Amino acid sequence: MNQLLVQTSWWVPLYSLLGAIITLPWSSAIVRRTGPRPGAYINLLATIVAFIHGGFLFRATWGHGPEFLIINWLNTGDLDLSFVLEISQMSTGAMESITGLSLVAQVYALGYMEKDWSLARFFGLMGFFEAAMSGLAISNSLFLSYALLEMLTLSTYLIVGFWYAQPLVVTAARDAFLTKRVGDILLLMGVVSVGTLAGSFNFADIEVWAETAELSPMVANFLGLTLIAGPIGKCAQFPLHLWLDEAMEGPNPASLLRNSLVVSCGAYILIKLSPVVSLSPLAETTLIVVGTMTAIGASLVAIAQIDIKRTLSHSTSAFLGLVFIAVGMQHVDVALLLLLTHAIAKALLFTSIGSIILTTSNQNITEMGGLWSKMPATTLAFVVGSAGTIALIPLGNFWAMERWVNGFWSVPWWLLLLLIVFNGLTALNLTRVFCLVFLGPTQPKTRRAPEVPWPMALPMVSLTIVTLLVPLMLQHWQLLLSWAGPWARTGPDPAVFDLPLVVISGIVGCIVGGMLYLNPNRTEPVQLPWKPLQDLFAYDFYIDKLYRVTVVLAVEQFSRFTAWIDRYFVDGLVNLVGLATVFSGQGLKYTVPGGSQLYVLTILIGVALLGLLMSSLL
């Protein structure tokens, strides 16, 4: 392995961070005469350099074992906080995927946000985003990974609230930040506990410790639950899933990264912590239950949405639910494959819907139609992205499902049923969007919808080609899916046609969606026959209202109680002492003659009484 590339591997995240810092004069409007585009170009150049450097590093690590780069930060007494970077074909491949998709999103943003005067600020935030995710990919330190996750939380808050003049945007940014903080606090407890028990924050040392660790059931369960709490929030899993839906108020290029990569970062950390999570059967069961509820529940909610971005955001939460189930079952190689195939397909879907939103200035799918003839490249991109998301031969997600099922008689019956239902609902949802947006009669808002300009078309077409080439990439990179570790899956090689039921469910979902939404005799939107059930899905199972009457109400009442205590008890006691001092002083000035002898005598008597009181207490 080229040692120079290994020693400079930490430069790759640094490029994006430096690009964001150099952009500050344009981001903060200190430089105005040149406009915001120079700042955008600086960040774009930094991402290109990072992508090229990461590409050379990926090729250098191919076929070699992992190497570790240690950066000493703080070493005092028994405390050793060293940042360890893992340079392996898996970590560098993940980092290259991040810089590649970030490059696509930034080129796409040049066209999507062409007339936005805050373009430089947006690109600076994207660089901050990219730096945190790239560092997370090669980090082998739990402490450093937690710090980078916090950078992602801050980045999410800033970039969701990019258009801060809009009230809904401010609310969405606040909710995204606070929701993630709930899981982050619990995760921090787990990080400190693991570092104390294992004696190290490095994932390699934690893995070795977990192989021989003997913990009581209570300690193991509490430790496992705290470690999975953070990823539950980061990956928008039930019950901390509402933030991703609200985060769609931000610019679409940022939504592209958020739905393809940012949510995957929490799952990536969960995968690295899986040796510790496996010590707790309760934590594994919780992952399976939470993932199942999110996969099915979010799929049903997505079908009832009319906002095109929110429809896809709920499908992201649902897909990450499958990743949680895979980690809970210790099928970590499947979880990695699901993350890779989902990231590429979902990025392509968001480039296509971003083109639709820009040309129609509309996000309501019930007000669209007939775009296939006006926007052929966008139509093809949506079709390919949808096929890559559904388990349809021969695109990427089919191979992820096939590797998981691996002969469906060897997996639990409930998992097979779950995959069938999930794949069918996903196919129905994407077919529904396709029929309403691209097929059917032309609507007033889609009558004059041209194809997007080249800065948006180039990334979209490039991602379309990459999505089609995913099967060849997986075949060529088979070593990445068999990396060693205690979670490496063993068993017979998967056959090609082991999951006909899952594939058939996707086909059935497409057929049912086409029959429902291409009916020429239907003049009203398709709804369930029972309106309360339709509203239950449309309003996300009323989780928001449930939070308002439970958590929000409890916090509000407690805040009012503490405010009353502070105002009338604490402040009242202080004010009472102050008033007593003022009135006693005013009274004394009319009773004393003014002689110094009397003042000295009064002080001596007071000191004597105070001494007698203290001696009696002792």
Side-chain angles (χ1 to χ4, degrees), residues 12-13 15-17 20 43 47 50-51 54 58 90-109 122-123 125-139 145 148-160 176 180 230-231 233-237 243-244 247-248 250-272 309 312-313 315-317 319-320 322-323 335-351 354 385 388-389 396-397 400 459 462-463 466-467 470 473:
V12 177
Y15 292 137
S16 305
L17 184 60
N43 275 281
T47 302
F51 181 72
F58 180 61
M90 188 193 72
S91 63
T92 56
M95 185 171 61
E96 186 70 355
S97 300
I98 290 170
T99 54
L101 287 178
S102 179
L103 177 61
V104 168
Q106 292 186 40
V107 174
Y108 187 83
F122 176 80
F123 270 79
L125 294 175
M126 291 283 279
F128 196 62
F129 234 22
E130 180 189 339
M133 291 188 291
S134 299
L136 197 64
I138 60 175
S139 170
S145 298
L148 293 173
L149 284 177
E150 294 306 294
M151 283 182 61
L152 280 181
T153 301
L154 176 61
S155 303
T156 300
Y157 172 76
L158 294 174
I159 211 162
V160 171
K180 288 188 175 185
K234 302 294 182 185
C235 299
Q237 298 295 288
W243 72 267
L244 185 60
M248 294 303 101
N252 190 71
S255 299
L256 185 156
L257 283 185
R258 188 177 302 110
N259 283 268
S260 60
L261 293 176
V262 176
V263 293
S264 300
C265 289
Y268 187 74
I269 296 300
L270 181 63
I271 290 172
K272 287 193 170 185
K309 291 180 66 175
L312 295 185
S313 73
S315 72
T316 299
S317 296
F319 204 96
L320 267 293
L322 296 184
V323 177
L336 286 170
L337 186 54
L338 287 170
L339 289 179
L340 175 62
T341 56
H342 172 261
I344 297 174
K346 189 54 66 72
L348 178 57
L349 283 174
F350 267 89
T351 57
T389 306
N397 196 39
S462 301
L463 273 179
V466 171
T467 305
V470 163
M473 294 162 55

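Given the structure is predicted, the values throughout are model-derived calculations rather than measurements. Numbers here are sequence positions counted from 1.
When atom types are taken as modelled, the side chain of Y157 and the backbone of A176 share no donor-acceptor pair closer than 3.5 angstrom. When atom types are taken as modelled, the side chain of Q106 and the backbone of F123 share no donor-acceptor pair closer than 3.5 angstrom. N43 contributes no side-chain N or O that, together with a main-chain N or O of M126, makes up a donor-acceptor pair within less than 3.5 Å. A donor-acceptor pair is defined here as one N or O able to donate and one able to accept, closer than 3.5 Å; no such pair exists between the side chain of K234 and the backbone of K180. Distance alone, capped at 3.5 Å, places no donor-acceptor pair between the S16 side chain and the T47 backbone.
Summarising the geometry of R258 relative to A247, their closest heavy-atom pair is NH1-O, 3.5 Å, with the distance given to 0.1 Å. In terms of heavy atoms, L320 sits closest to Q237 at CB-NE2, 3.4 Å.
Partners of S264 according to the side-chain contact (heavy atoms from CB on, under 4.5 Å) rule, which considers only residues two or more places apart in sequence or in another chain, are L339. Listed by chain and number, the residues in a side chain to side chain donor-acceptor pair (under 3.5 Å) with S134 amount to none (sequence neighbours excluded). A132 pairs by the side-chain contact (heavy atoms from CB on, under 4.5 Å) definition with M151, L152, not counting sequence neighbours.
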**OP:** Show your reasoning for whether side chain to side chain contact (heavy atoms under 4.5 Å, CB included) applies to N252 and Y108.
**Re:** CA-CA 10 Å; N252 190 71; Y108 187 83; 3.9 Å; yes

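With 3.5 Å as the limit, one finds no donor-acceptor pair spanning the side chains of T99 and E130. Side chain to side chain, K346 and T389 fail the donor-acceptor criterion of an N or O pair below 3.5 Å. No side-chain N or O of K272 forms a donor-acceptor pair with one of S139 less than 3.5 Å apart. For the 3.5 Å distance criterion, the side chains of T92 and E96 fail to qualify, holding no donor opposite an acceptor.
We find the OG-CG distance between S462 and L348 to be 10.5 Å, quoted to the nearest 0.5 Å.
Contact check for S260 versus F350: no side-chain heavy atoms found under the 4.5 Å cut-off. Counting heavy atoms from C-beta outward, L312 and S315 have side chains that approach closer than 4.5 Å.
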